[in-house]
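One structure below.
Proteins get letters first, then strands, A, B, ... in listed order; numbering begins at 1 in each. Predicted model only: the values in this text are computed from it and were never measured.
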Protein chains: 2
Amino acid sequence: MAYRRTPAVQERLDATRAAIVAAAHALVAERGYAGCSVALVASGAGVATGTVYRHFPDKGALFAEVFRAATQREVDAVAASAAKPGTVAARIEVSVETFARRALKAPRLAYALIAEPVDPQVEAERLTYRRAYRGIFAALVADAVAAGDLPAQDPEVSAAAVVGAMAEALVVPLHAGVASQRVVPELTAFITRSIGATP
Amino acid sequence: MAYRRTPAVQERLDATRAAIVAAAHALVAERGYAGCSVALVASGAGVATGTVYRHFPDKGALFAEVFRAATQREVDAVAASAAKPGTVAARIEVSVETFARRALKAPRLAYALIAEPVDPQVEAERLTYRRAYRGIFAALVADAVAAGDLPAQDPEVSAAAVVGAMAEALVVPLHAGVASQRVVPELTAFITRSIGATP
DNA sequence: CCAAGATATGAATCGCGGTTCACTTCATCA
DNA sequence: TGATGAAGTGAACCGCGATTCATATCTTGG
């Protein structure tokens, strides 16, 4: 036995893997999923095509990881907003604002995460992502309904509808590349009314 | 000049074209866009693969037409509901019900029209489709706001959010194949509240 | 019925990007 | 330093399904 993986090597390995993920993320954020070939990712990371396959079994697995990471960041930001103190209406409002503002700040990425056609492996990641958002809003609504602050409603359906409303209201601006901040207050008002909250 | 296209031939040509479109529609409704190859469509229509290309320049054009037709039927149904007499709240309610009920009755088709990954040419059709829905709801909201029946709001943003809410609230049931009619009243209540209508 | 031209056929082709793998380079350790 | 084996390389390969096109079949008008 004349070789064992050394900490220094492991570190380089980890760095390469991270570089690949970072390159893939940058590409998605810049030109969307459609503009991402494995060869391009590799070149962006400064490695050969084959090297990508020493770190990921296939393209889907790579992009699933990219989506997962990008998504987690978004979900965490919204969850943090939802966890702030205040009335349900205020918390919903600030959560919607967080979601919308972040999306409008990185429109190409947001479009890729929300609406761009992707392959099934990545689509599965997207469903997880939407479920996470639904979960945040469903919990908020359920608590408020239980406390009598909101009228009776199915929190799951309301939460899904909230997520859909946010996504759809932003898709056109995102796709058009128009960063119309103007939709944000309209959207928060819409959603506040939709769950029966009084601001 | 020893040949001219005769009415009988034109009729047969039209019939073949219609058979191709019908076969493509049936396939989409049965297994979604992903399960549709040109060869399969041709076989379903009882013609050879090449014949498809005598009627359509490429696959995208064929499916764009299929989407357009399927979509138009849906939009017309919703528009008819929106045009019924009654209060805005009642008309919105019946429109949402129409949309949801029809979607749940043909879930695979609805999923394909609403959310399934499709190629760009067809995606463009989908945007048109969503714009048509937005238009229906935007007109309804705009009229009601002008008449003082709804609070001030941007009809375009509200309409987009309504469409998004409908789509998202139905995607999970559609994808799961679960025809849960239960979401319909929840959804109509949500949307009624969202635009500020009092039922 | 024949010539001219349109239409139908489906096997062969083609393009594309994901994936592989024979080979090179590098790291480890006795 | 050399033997051992891991990591890296990138050109070649491959699978898949859209598209083509040489050929066969059908229609028409004379």
Side-chain angles (χ1 to χ4, degrees), chain A residues 1-21 23-24 27-28 31-67 116-123, chain B residues 1-21 23-24 27-28 31-67 116-123:
Chain A
M1 172 223 302
Y3 185 95
R4 217 181 323 181
R5 191 178 288 175
T6 236
V9 171
Q10 184 62 53
E11 201 172 332
R12 186 162 48 73
L13 246 33
D14 292 348
T16 298
R17 191 191 152 95
I20 291 168
V21 170
L27 265 182
V28 170
R31 29 170 97 194
Y33 189 75
C36 292
S37 67
V38 174
L40 221 49
V41 169
S43 135
V47 300
T49 312
T51 304
V52 172
Y53 288 87
R54 309 201 119 269
H55 292 271
F56 299 92
D58 53 32
K59 188 189 184 185
L62 164 58
F63 280 92
E65 177 159 332
V66 169
F67 266 59
E116 188 179 3
V118 293
D119 69 46
Q121 211 166 153
V122 177
E123 182 69 26
Chain B
M1 171 221 304
Y3 184 94
R4 215 179 326 179
R5 191 178 287 176
T6 237
V9 171
Q10 184 62 53
E11 201 172 333
R12 183 163 50 73
L13 246 33
D14 292 348
T16 298
R17 191 193 152 95
I20 292 168
V21 170
L27 265 181
V28 169
R31 29 171 95 192
Y33 190 75
C36 292
S37 67
V38 174
L40 221 48
V41 170
S43 135
V47 300
T49 313
T51 304
V52 173
Y53 288 87
R54 311 202 112 266
H55 293 272
F56 299 92
D58 54 32
K59 188 188 183 185
L62 164 58
F63 280 92
E65 176 158 334
V66 170
F67 266 59
E116 188 178 4
V118 292
D119 68 46
Q121 210 166 151
V122 177
E123 182 70 25

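Protein atom CZ of F63(A) is 13 Å distant from nucleotide atom P of dG17(C), rounded to whole Å. In this structure, the OH atom of Y33(A) is 12 Å from the C1' atom of dG17(C), given to the nearest Å. Atoms NE2 (H55(B)) and P (dA6(C)) sit 15 Å apart, rounded to a whole Å. At whole-Å resolution of the value, CG in D119(A) and C1' in dC16(D) are 15 Å apart. Y53(A) has its OH atom 13 Å from the P atom of dC21(C), to the nearest Å. The distance from atom CD of Q121(A) to atom C1' of dG18(C) is 13 Å, rounded to the nearest whole Å. Rounding to whole angstrom units, CG of residue L27(B) and P of dG17(D) are separated by 14 Å. Distance CG (L13(A)) to P (dA27(C)): 12 Å, rounded to an integer number of Å.
The two residues A45(A) and A23(A) have their closest heavy-atom pair at N-CB, 3.7 Å.
Atom CZ of F56(A) sits about 9.5 Å away from atom CZ of F63(A), to the nearest 0.5 Å. Taking CG of L27(B) as the start and CG of L40(B) as the end, the distance is 5.0 Å to the nearest 0.5 Å.
For T49(B), the side-chain atoms get nearest to dT19(D) when compared with the rest of dA27(C), dG10(D), dT19(D). Among dG8(D), dG18(C), dA11(C), the nucleotide with an atom closest to any side-chain atom of R54(A) is dG8(D).
Both G46(A) and V38(B) sit near DNA chain D, but only G46(A) has its closest nucleotide nearer the 5' end.
In this structure, T51(A) reaches the dT9(D) phosphate: one of its side-chain N or O atoms is under 4.0 Å from OP1 or OP2. Remark: T6(A) is not in phosphate contact with dA27(C), judged by side-chain N or O atoms under 4.0 Å from OP1 or OP2. Between R12(B) and the phosphate of dT7(C), there is no side-chain N or O to OP1/OP2 separation shorter than 4.0 Å. Here R5(A) reaches the OP1 or OP2 of dA7(D): one of its side-chain N or O atoms lies under 4.0 Å away.
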Inset, instruction - Show the numbers, then the answer: is there a side chain to side chain donor-acceptor pair (under 3.5 Å) between D58(B) and Y53(B)? - result: CA-CA 7 Å; D58(B) 54 32; Y53(B) 288 87; over 6 Å; no
Inset, instruction - Apply the test salt bridge (charged side-chain N to carboxylate O under 4.0 Å, His left out) to residues E65(B) and R17(B): give CA-CA distance (whole Å), side-chain angles for both, the deciding distance (0.1 Å), then the verdict. - result: CA-CA 11 Å; E65(B) 176 158 334; R17(B) 191 193 152 95; 2.4 Å; yes
